[in-house]
*Asks:* 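Here you go, one structure.
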There are 2 protein chains.
Amino acid sequence: MAKTELATRRPAAAPAPADTDEKVLLAAGKLFREKGFAATTVREIAAAAQMLPGSLHYRYASKDDILVALMRRGVERAIRAVELATAGEPSAIERLRLGLRAHLELLCNGDDSLYVLLFDWRSLTSGALSGVIRERERLEAFWEGLLVEAHGSGVARPLLDIELVRHFGFGAINWVATWYREGDGRTPAQIADAFWSFLAFGLLHESARPPDLDTHFAALLAASFKKGS
Amino acid sequence: MAKTELATRRPAAAPAPADTDEKVLLAAGKLFREKGFAATTVREIAAAAQMLPGSLHYRYASKDDILVALMRRGVERAIRAVELATAGEPSAIERLRLGLRAHLELLCNGDDSLYVLLFDWRSLTSGALSGVIRERERLEAFWEGLLVEAHGSGVARPLLDIELVRHFGFGAINWVATWYREGDGRTPAQIADAFWSFLAFGLLHESARPPDLDTHFAALLAASFKKGS
DNA sequence: AGCTAATTTGGTCGAATGGCCAAGACCGAG
DNA sequence: CTCGGTCTTGGCCATTCGACCAAATTAGCT
């Protein structure tokens with residue numbers, strides 16, 4: 001399209017290379033989510049992006065490249081969405097709740113790159129694997145930071161294996177993508193808030209709570225701390 | 001098929017047809033878990049099961065049939081393992097804890113059929129889909145039963161959306177399969193118990209608990225109850 | 001306008017896939 | 001020993017895959 005003039009100095013003859021790339025990743029994400037990476041053909045991606053297979057090859061040398069680009073985008077978007085949602089919130093605990101919301105909304109209503117990143121993990125070949133692993137670790141470290149801050153704010157139980165907590169919450173939230181269907185009465189934000197209340201306060205009634213609960217937690221932790229290797 | 005007259009009347013000349021089928025499903029499960037269904041070839045399965053592609057075709061007419069058989073087996077094993085682990089336990093809450101343990105142990109250390117059932121869902125073609133959906137609903141209904149019993153025993157909060165709780169716990173537990181590696185210091189049983197304590201008692205300290213907590217839960221529930229369709 | 005490089009076109013290529021089968025091997029029954 | 005079925009063999013086939021390319025086209029630049 002237009003908007004050339006000064007400013008955006010395009011390489012040469014590009015209608016809108018950025019937008020075209022966007023269209024490819026959008027189409028690829030949709031197909032990967034529906035059928036999985038291996039079951040999707042490059043021809044399908046090209047058709048869905050309204051171009052011929054050769055044109056697709058010009059932009060991405062291989063199918064793997066598309067997957068890697070999509071996953072990078074997924075990490076980027078996930079971090080950005082949560083950063084945006086939590087910015088300006090002073091309470092670390094409340095940041096966590098808002099972050100969960102944002103993550104789940106992106107996963108359910110956003111584009112499919114985050115879903116592919118989370119669920120099409122095995123499709124990465126060893127060559128591309130290392131690059132995406134680093135990206136994915138950025139996402140994990142980002143959440144770890146949110147959790148450490150929240151834990152440090154004092155309202156959480158004193159002895160918690162943060163890594164285990166992260167896996168716990170990440171699993172519960174991400175699994176929503178496997179059963180959520182739009183318009184079944186629950187919005188992603190409602191689900192996230194309900195999950196947050198489960199996470200924060202537990203499912204049992206106060207009367208069932210043992211008096212030595214934190215000692216109990218500590219004992220569980222002791223076991224997971226002795227991870228040798 | 002076999003099993004006619006009395007006892008183990010073999011059809012004719014079978015070394016051990018049941019064991020051979022077992023070997024196929026074991027090999028297929030391993031490969032499907034490692035690379036996914038679509039990325040696995042029938043030749044690989046045959047080779048891993050120490051037979052030629054033609055022999056595999058004799059037992060399973062199509063690759064889809066193998067997947068369906070494997071998933072059926074996964075449901076069967078998952079239900080059986082949890083039933084076995086919870087049998088004889090009088091406390092419904094304790095049954096839940098033991099069930100989580102058994103489920104996670106099967107998922108981490110058991111054969112791969114449960115993993116494939118849970119994570120290779122999209123690979124099912126529409127033809128085979130309906131049959132496996134019914135099986136999978138059996139598994140969900142089974143857990144729903146455990147949860148309803150536990151909820152009815154009185155120690156849980158009064159107002160809980162059981163379906164949401166099931167999705168929550170199922171996600172957290174199943175996600176373990178994506179990061180668990182044998183010998184990193186945590187056994188599946190330890191992880192299950194830690195997750196159980198998170199689930200039961202929550203992550204926040206008692207002092208952070210609002211006095212009107214159950215009203216808070218009720219409000220969350222009100223939203224998820226008005227699901228129209 | 002003319003030049004030049006970016007981009008698209010429409011198709012080809014060898015390799016690999018899932019499904020299939022005719023022939024034979026095997027083994028208990030009679 | 002011979003029969004009759006189950007099961008295995010090893011390869012074949014049509015199809016489709018990802019990758020690739022030379023030629024044509026486009027559009028910004030001087």
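None of these values were measured; they are calculated from a predicted model.
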*Asks:* Out of C/dG19, D/dA19, C/dG18, which nucleotide sits closest to the side chain of A/R43?
*Replies:*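 Nearest to the side chain of A/R43 among the choices is D/dA19.
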*Asks:* Look at the side-chain N and O atoms of A/Y58 and state whether any lies under 4.0 Å from the OP1 or OP2 oxygen of C/dT7.
*Replies:* yes
*Asks:* Of the nucleotides D/dT9, C/dT17, D/dA19, which has the atom closest to the A/K63 side chain?
*Replies:*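 Output: D/dA19.
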*Asks:* So which nucleotide from C/dG19, D/dG10, D/dA19 ends up closest to the side chain of B/V42?
*Replies:*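 Minimum distance to the B/V42 side chain belongs to C/dG19.
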*Asks:* I want to confirm an ordering. Mapping B/G54 and A/A38 to their closest nucleotides on DNA chain D, which one lands closer to the 5' end?
*Replies:*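 Looking at the nearest nucleotide for each, B/G54 comes out on the 5' side.
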*Asks:* So if I take every side-chain heavy atom of B/M51 and compare against D/dT9, D/dG11, D/dC17, which nucleotide ends up nearest?
*Replies:* D/dT9
*Asks:* Does B/S55 place a side-chain N or O at less than 4.0 Å from the phosphate oxygens OP1/OP2 of D/dC7?
*Replies:* no
*Asks:* In whole Å, what is the span from the CG atom of B/L56 to the P atom of D/dG10?
*Replies:*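 Rounded to whole Å, this separation is 15 Å.
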*Asks:* Provide, to the nearest angstrom, the distance between the CG atom belonging to B/L67 and the C1' atom belonging to C/dG18.
*Replies:*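 Interatomic distance, CG of B/L67 to C1' of C/dG18: 15 Å.
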*Asks:* From C/dT9, C/dC20, C/dG18, pick the nucleotide closest to the side chain of A/L52?
*Replies:* C/dT9
*Asks:* Taking the side chain as every heavy atom from C-beta outward, state whether B/S113 and B/L25 have any atom pair closer than 4.5 Å.
*Replies:*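 The answer is no; the side chains never approach within 4.5 Å.
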*Asks:* Could you give the OH-to-C1' distance, from B/Y60 to D/dT8, as a whole number of Å?
*Replies:* 16 Å
*Asks:* Between P on C/dT8 and CG on A/D21, what's the gap in Å once rounded to a whole number?
*Replies:* 9 Å
*Asks:* In this structure, how many angstroms lie between the P atom of C/dT8 and the CD atom of A/Q50, rounded?
*Replies:*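 Interatomic distance, CD of A/Q50 to P of C/dT8: 13 Å.
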*Asks:* Is A/D161 reaching over with its side chain to a backbone N or O of A/L164, donor-acceptor style, under 3.5 angstrom?
*Replies:*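 Pair found, side chain donor or acceptor close to backbone of A/L164.
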*Asks:* Do A/N174 and A/H103 have side chains that get closer than 4.5 Å, going by heavy atoms?
*Replies:*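 SC-SC contact between A/N174 and A/H103 confirmed.
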*Asks:* Between atom CD in B/E44 and atom P in C/dA15, what is the gap in whole Å?
*Replies:*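 It works out to 18 Å between those atoms.
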*Asks:* Decide yes or no on salt bridge (charged side-chain N to carboxylate O under 4.0 Å, His left out) for A/R73 and A/E76, but give the supporting numbers first.
*Replies:* CA-CA 5 Å; A/R73 175 202 170 97; A/E76 204 58 52; over 6 Å; no
*Asks:* Without decimals, in angstroms, what is the distance between B/R59 CZ and C/dG19 P?
*Replies:*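 Going from B/R59 (CZ) to C/dG19 (P), I get 17 Å.
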*Asks:* How long is the line joining NE2 of B/H57 and C1' of D/dC13, in whole Å?
*Replies:* 13 Å
*Asks:* For a side chain to side chain contact (heavy atoms under 4.5 Å, CB included) with B/F37, tell me which candidate from B/D64, B/L124, B/L31 qualifies.
*Replies:*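 So, applying the side chain to side chain contact (heavy atoms under 4.5 Å, CB included) to B/F37 and each of B/D64, B/L124, B/L31, only B/D64 qualifies.
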